[in-house]
There are 2 protein chains.
Amino acid sequence: MVLVRPDVPVDTLPAGPLQSGHRTLEAGLRAWVEQQTDLHLGYVEQLYTFGDTDRIDMPGRGGRSLSIAYLALVRALRASARSGARWQNVYTYLPWEDWRDGRPAVLETIETYLKTWVKDSGDTGTLREKRAALAFGLGTDSWSDELVLDRYELLYEAGFVREARRDGESPPLTAMVDHPMGLDHRRILATALGRLRGKIKYRPVIFELMPESFTLLDLQRTVEGLSGIRLHKQNFRRLVETQGLVEETGELQTETGGRPARLVRFRREVLLERPSPGLRLSSTKRPAN
Amino acid sequence: MVLVRPDVPVDTLPAGPLQSGHRTLEAGLRAWVEQQTDLHLGYVEQLYTFGDTDRIDMPGRGGRSLSIAYLALVRALRASARSGARWQNVYTYLPWEDWRDGRPAVLETIETYLKTWVKDSGDTGTLREKRAALAFGLGTDSWSDELVLDRYELLYEAGFVREARRDGESPPLTAMVDHPMGLDHRRILATALGRLRGKIKYRPVIFELMPESFTLLDLQRTVEGLSGIRLHKQNFRRLVETQGLVEETGELQTETGGRPARLVRFRREVLLERPSPGLRLSSTKRPAN
DNA sequence: TCCAAATATACTCAATTTGAGTATTAGGGG
DNA sequence: CCCCTAATACTCAAATTGAGTATATTTGGA
């Protein structure tokens with residue numbers, strides 16, 4: 001889930017100008033987010049700095065603005081009331097990234113759209129075709145969860161996403177299925193999702209999103225939510241155990257709908273034991289269980 | 001190799017203030033580097049943005065400066081004459097990172113130094129000990145090539161590297177073995193090296209450093225130089241072949257000192273074929289061949 | 001001329017890791 | 001007590017990896 005401010009006409013990420021009172025960039029970030037969302041941030045990671053002079057939020061003015069994007073992970077308790085900010089499913093903005101219930105329907109539209117885009121380009125057609133095939137796994141039955149930014153950029157270039165349209169251009173084919181964000185925030189969101197999908201494979205950041213104790217299935221569902229794919233349950237457990245990422249609390253969770261599950265917690269010591277502890281996942285399209 | 005300007009009293013990386021004439025950050029970077037080193041940059045990648053108000057290059061002044069660090073890869077032809085910039089071995093500044101000829105000697109000094117640092121800390125001793133053990137592989141015989149930044153930060157925290165010393169503090173134990181850089185440039189160098197060591201494993205960036213055609217051993221030596229470790233020759237070749245990273249030119253290189261070697265070139269198509277082509281290396285301490 | 005040294009390249013093989021199952025266990029609700 | 005559901009335990013073949021041995025081509029002397 002991503003926390004957005006429902007601005008007009010589209011949602012935006014929390015943001016604000018760096019002020020002299022902020023001793024570090026991170027302090028500035030935390031202050032703004034806290035003010036705009038009533039939320040205290042734990043884990044925070046710098047993503048990327050944008051500074052083009054033609055950046056879309058700088059119409060006319062002579063100066064230059066630098067935007068430094070951050071990724072933060074929080075255990076979302078409840079939507080933060082006062083501020084008006086609210087939690088939104090990330091896949092609202094990037095619907096083609098969620099394969100948990102099979103191939104997302106929007107990919108039909110995208111594939112059709114991209115075919116036209118490939119045709120429209122004469123001799124660079126083969127290049128476009130291959131890029132699209134790689135990013136979206138067309139022709140093959142493979143899907144790379146980490147190529148989030150590549151896919152977004154391809155769709156931007158192809159004019160599929162709405163923010164890629166200039167005023168006056170014909171209305172996009174996709175008005176009904178596409179859900180943009182303000183400024184370049186959807187691009188930032190894509191960057192963040194891609195980074196995170198990569199990172200959970202070698203750092204235990206996933207536990208920033210888990211409560212103190214949880215079941216292995218809870219953990220698996222969270223990972224699946226981030227990666228946008230389904231995992232093989234037995235192998236996922238084997239992975240978590242061999243990596244030493246969790247330890248038993250001794251308690252059981254009985255509201256499982258079946259046999260009660262052991263409750264476990266994150267083993268923090270793992271950070272001091274191995275150089276890159278994480279969930280080296282390997283997807284499955286549709287596991288039988 | 002890293003390109004430095006031999007400033008007084010220590011070397012610094014090429015750098016310069018962003019100007020209004022620079023349309024993008026990258027354009028500004030390229031302009032400054034070109035001016036300061038007579039070098040045209042190809043591959044460029046943003047590393048990190050620093051913005052603490054107490055950053056060491058801002059003594060006194062009220063304003064804030066943001067520094068955006070980049071990593072660029074170039075095929076170094078010759079040292080760029082006019083500008084005074086020159087190429088330096090990266091391991092001049094980070095000598096503990098080079099294991100190509102076995103465990104670097106400086107690690108003896110470091111290990112001794114860290115032991116004192118661990119002892120000096122009372123009840124947080126165990127934590128320090130484990131951190132040091134993990135970062136430097138103490139006690140085990142394993143070494144993680146990617147932990148470059150962790151190691152630098154640990155040495156900084158422990159006061160081993162000279163830039164960590166405040167004026168007036170007792171002269172460092174390490175004056176004879178340590179080779180600092182200006183400002184926080186050694187930290188940036190550590191960030192870059194760590195990032196690069198990680199990246200060659202899943203992106204074919206190594207070829208930015210290779211000439212048009214080269215032998216497999218040339219390629220292996222370059223990878224070893226970056227990773228700071230030796231690789232098993234036969235397995236390295238198998239990896240390169242199975243990943244489809246190169247293709248034959250049909251030519252032979254005869255000045256090998258032995259049997260002539262095939263000359264190969266980078267297969268650019270690989271970028272359009274597989275999602276993350278790279279050299280998933282697995283080190284060896286000291287291969288028998 | 002022929003051999004030793006040096007490097008390239010080909011092949012082998014056991015140990016591990018991975019992908020994909022089947023089998024069994026333990027609650028909750030009729 | 002039976003059935004549904006999910007948890008947990010085990011199995012097994014395929015693929016990957018780590019570490020060799022074996023063979024091929026050069027060059028430079030003895």
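The analysis underlying the following values was restricted to heavy atoms, covering all of them including side chains, and did not include hydrogens, waters or symmetry mates. Naming convention: chains lettered A, B, ... in sequence-line order (proteins, then strands); numbering from 1 in each chain.
Summarising the geometry, the separation between CZ on B:R237 and P on D:dG18 is reported as 18 Å, rounded to the nearest angstrom. Between the CG atom of A:D218 and the P atom of D:dA7 there is a distance of 9 Å, given to the nearest Å. The separation between B:K201 atom NZ and D:dT17 atom P is 14 Å, rounded to whole Å. Computed from coordinates, the B:R280 CZ to D:dA15 P distance equals 18 Å when rounded to whole Å. Going from atom CG of B:L239 over to atom P of C:dT9 covers 16 Å, rounded to whole Å. In this structure, CG of A:L219 is placed 12 Å from P of D:dA7, rounded to the nearest angstrom. We find that CZ of A:F236 is positioned 17 Å from P of D:dA6, with the value rounded to whole Å. Rounded to an integer number of Å, the gap from A:L231 CG to C:dG21 P is 15 Å.
The side-chain tip of B:R197 does not point at the ring of B:W143 from less than 6.0 angstrom away and within 45° of straight on.
Within the 4.5 Å cutoff, the side chain of A:E273 has no heavy atoms near those of the B:L134 side chain. Contact annotation: the side chain of A:Q253 never approaches that of A:E251 to less than 4.5 Å [non-hydrogen atoms, C-beta and beyond]. Under the 4.5 Å side-chain criterion, counting only non-hydrogen atoms from C-beta, B:F136 is in contact with B:W96.
Position along DNA chain D of the nearest nucleotide to A:T256 versus A:E241 favours A:T256 as the more 5'-ward residue. Nucleotides of DNA chain D nearest to B:N235 and A:T215 differ in position, and the one nearer the 5' end is that of A:T215.
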Next on the checklist: Working note: A:R265 + A:M210, criterion side-chain contact (heavy atoms from CB on, under 4.5 Å); need CA distance, chi angles, decisive distance, verdict.
Outcome noted: CA-CA 9 Å; A:R265 71 169 77 89; A:M210 305 300 297; over 6 Å; no
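Remark: the B:Q234 side chain and the D:dT17 base include no donor-acceptor N/O pair separated by less than 3.5 Å. In the interface, the side chain of A:R259 is not paired with the base of D:dT5 through any donor and acceptor atom under 3.5 Å apart. One can find a donor-acceptor pair under 3.5 Å joining the base of C:dG19 and the side-chain atoms of A:R238.
Contact check, B:K233 against C:dT7: no side-chain N or O comes under 4.0 Å of OP1 or OP2. Close to D:dT8, at under 4.0 Å from its OP1 or OP2, lies a side-chain N or O of A:R262.
Of the candidates C:dG21, D:dA7, D:dC12, C:dG21 carries the atom nearest the A:H232 side chain, counting heavy atoms from C-beta on.
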